[in-house]
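All remarks here apply to the structure that follows.
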Amino acid sequence: MLSDRSARMILIGKGLRSFADGYVAVLLPAYLLALGFNQFEVGLLGTLTLAGSALATLAVGSVGHRWPHRRLLLAAALVMAATGIAFASLTSFWPLALIAFVGTLNPSSGDVSVFMPLEQARLANTADGESRTVLFSYYTVTGSLCAAVGALASGLPVWFSTAGGVALLDAMRLMFAGYGCIGAMVWLLYRRLPGNGGQVPLPPTPLGPSRHTVFKLAALFSVDAFAGGLVVNSLLALWLFERFGMSLAAAGAFFFWAGLLTTASQWIAPRVAQRIGLLNTMVFTHIPANLCLILAALAPSLEISIALLFARSALSQMDVPTRAAYVMAVVTPPERTAAASFTAVPRSLAAAVSPSVGGALFAAGWLAAPLILCGALKIAYDLALWRAFRHQNKSEP
């Protein structure tokens with residue numbers, strides 16, 4: 001498993017990207033507000049970011065099988081480097097909107113970039129059965145832990161401003177430039193990946209025998225993604241800024257601890273799945289998490305809201321490693337890249353619409369509405385998923 005060279009490099013690359021995503025998700029709304037944009041424009045940029053990622057992922061699923069994974073990963077890393085430099089340099093809305101659409105910025109707590117299906121398909125070929133579930137747990141845990149540390153790093157601009165005398169806006173620009181540098185580091189790392197994809201037994205192909213199952217899963221996942229897009233990390237940070245007047249440093253600390261709770265839950269997810277099955281793990285941890293989100297939106301104080309959001313973080317992402325492993329297991333090995341892409345694309349497209357909806361609700365003064373709507377839709381998704389696949393609840397893929 002982890003002795004495989006490709007697996008180790010993918011996990012390192014995932015960690016580097018997640019660290020950068022962690023602080024960008026918190027910094028992005030503060031940076032855009034400092035540039036003079038309003039809440040709706042912040043949400044719109046989030047929508048464009050996710051829409052661009054969805055289209056890039058769709059391209060990977062449709063025609064990506066024609067090129068080696070390594071080449072596509074290197075191209076994505078170059079785009080990441082260019083995205084950071086561009087965001088650090090531009091200040092006008094429409095140029096930033098264009099970069100958000102074609103770039104790799106991630107305003108959410110999960111990985112929605114074009115890297116994900118390529119990395120997952122490569123990982124799936126290095127393990128089988130229960131080992132695959134554990135490996136995907138390592139993948140998601142690495143991302144969550146590094147994203148949590150990245151969220152804590154979002155307070156660095158305030159430190160640069162107070163201790164170093166750097167203007168706060170310039171300090172935030174430095175962080176986006178750092179995002180570009182991390183993209184360059186990922187490019188250097190993925191240059192060392194074996195060109196033949198490690199243990200791939202057959203060349204990747206488009207979807208074939210597994211098409212019906214993949215499309216059914218994708219339709220359900222899109223509901224979950226639309227709901228999640230209403231409260232991506234950037235919008236949740238914006239909610240904390242607007243609802244309770246939370247500072248940037250305090251928001252970074254909150255997302256750090258929330259990320260650690262998420263990491264712990266993803267670490268134990270495979271063990272839970274062994275006992276109650278993959279499907280039950282996905283559904284019966286999600287429902288209480290979303291009830292906590294709804295209650296947090298209605299909480300009368302910051303302390304109660306934070307406690308409920310922490311409870312949500314401890315449960316809401318346990319489905320991620322089990323879901324990824326399940327998708328890889330129910331399709332044939334040559335279909336894995338296409339399956340990862342075609343389950344990710346509807347999620348990304350659905351999630352791309354909702355940040356602008358959430359931003360509009362915030363701008364209208366309905367601060368609790370995005371959180372309540374998110375929780376209600378996710379509970380509906382959980383129930384629909386369990387009903388559709390309850391006869392296929394397995395302890396391991």
Legend entry - Separation between CZ of Arg271 and OG1 of Thr281, rounded to the nearest 0.5 Å: 12.5 Å
Legend entry - Inter-residue atom distance Leu27.CG - Leu32.CG, 0.5 Å rounding: 10.0 Å
Run the side-chain donor-acceptor check on residues 164-183: report pairs under 3.5 Å with partners two or more places apart or on a different chain.
from: Asp170; atom 1: OD1; to: Arg173; atom 2: NH1; distance (Å): 3.0
from: Tyr179; atom 1: OH; to: Thr104; atom 2: O; distance (Å): 2.9
from: Tyr179; atom 1: OH; to: Thr104; atom 2: OG1; distance (Å): 2.8

Inset, instruction - Indicate yes or no for a side-chain donor-acceptor contact from Ser18 to the backbone of Gly15 under 3.5 Å, with no hydrogens or angles considered. - result: no
Legend entry - Nearest heavy atoms of Tyr23 and Gly150, plus distance in Å: CB-O, 2.8 Å
Inset, instruction - Please tell me if the side chains of Leu45 and Phe93 come closer than 4.5 Å, counting only heavy atoms from C-beta onward. - result: yes
Inset, instruction - Any chance you could lay out the side chain to side chain contact (heavy atoms under 4.5 Å, CB included) test for Val42 and Phe362, step after step, and finish with the verdict? - result: CA-CA 10 Å; Val42 173; Phe362 284 151; over 6 Å; no
Legend entry - Interatomic spacing from CG in Leu145 to CG in Leu260 - rounded to 0.5 Å: 6.5 Å
Legend entry - Test item: Ser144 side-chain N/O and Gly259 main-chain N/O as donor-acceptor pair under 3.5 Å: no
Legend entry - Heavy-atom closest contact (Met116 atom, Tyr139 atom, distance): CA-OH, 4.0 Å
Legend entry - Hydrophobic cluster identity match, Leu35 and Ile85, side-chain contacts under 4.5 Å: no
Legend entry - Validation row: Asn280, Trp386 side chains within 4.5 angstrom (heavy atoms): yes
Inset, instruction - Decide yes or no for Val24 and Phe87: does some side-chain heavy atom of the first lie under 4.5 Å from some side-chain heavy atom of the second? - result: no
Legend entry - Heavy-atom side-chain contact between Pro355 and Leu235 under 4.5 Å: yes
Legend entry - Connected via hydrophobic side-chain network under 4.5 Å: Val79 and Leu188: no
Inset, instruction - Can you measure from CG (Leu73) to CG (Leu78) and round to the nearest 0.5 angstrom? - result: 11.5 Å
Inset, instruction - Kindly compute the distance separating CZ (Phe254) from CD1 (Ile306), expressed to the nearest 0.5 Å. - result: 4.5 Å
Inset, instruction - Would you check if the side chain of Ser247 reaches a backbone N or O of Ala250 as a donor-acceptor pair within less than 3.5 Å? - result: yes
Inset, instruction - Mind listing the closest non-hydrogen atom pair of Leu90 and Pro95 along with its distance? - result: CD1-CB, 3.9 Å
Legend entry - Arg70 side chain vs Leu193 backbone, donor-acceptor pair below 3.5 Å: yes
Legend entry - Check against side chain to side chain contact (heavy atoms under 4.5 Å, CB included), Ile379 and Leu291: CA-CA 8 Å; Ile379 290 172; Leu291 289 173; 3.7 Å; yes
Inset, instruction - Could you label the plane-to-plane angle of the Trp239 and Phe244 rings as parallel, tilted or perpendicular, counting under 30° as parallel and over 60° as perpendicular? - result: perpendicular
Legend entry - Student check: side-chain heavy atoms of Leu315 and Ile287 closer than 4.5 Å: no
Inset, instruction - Write out all pairs satisfying side-chain hydrogen bond (donor to acceptor under 3.5 Å, both in side chains) with one or both partners inside residues 41-52, taking only residues at least two apart or from two chains. - result: Thr47-Ser356
Inset, instruction - Would you name the heavy atoms of Met9 and Leu189 that are closest together and state the gap between them? - result: O-CD2, 3.4 Å
Inset, instruction - Apply side chain to side chain contact (heavy atoms under 4.5 Å, CB included) to His286 and Asp224, showing your working. - result: CA-CA 10 Å; His286 229 212; Asp224 177 54; 3.3 Å; yes
Legend entry - Gap between atom OH of Tyr381 and atom CZ of Phe226 - 0.5 Å precision: 15.5 Å
Legend entry - Minimum side-chain heavy-atom gap Leu238-Leu33 below 4.5 Å: yes
Legend entry - Aromatic ring pairing Phe115/Tyr190, orientation class (parallel under 30°, perpendicular over 60°, tilted between): tilted
Inset, instruction - If you link ILVMFWY side chains whenever their heavy atoms are less than 4.5 Å apart, which other residues fall into the same cluster as Leu295? By chain and number, please. - result: Ile304, Leu308
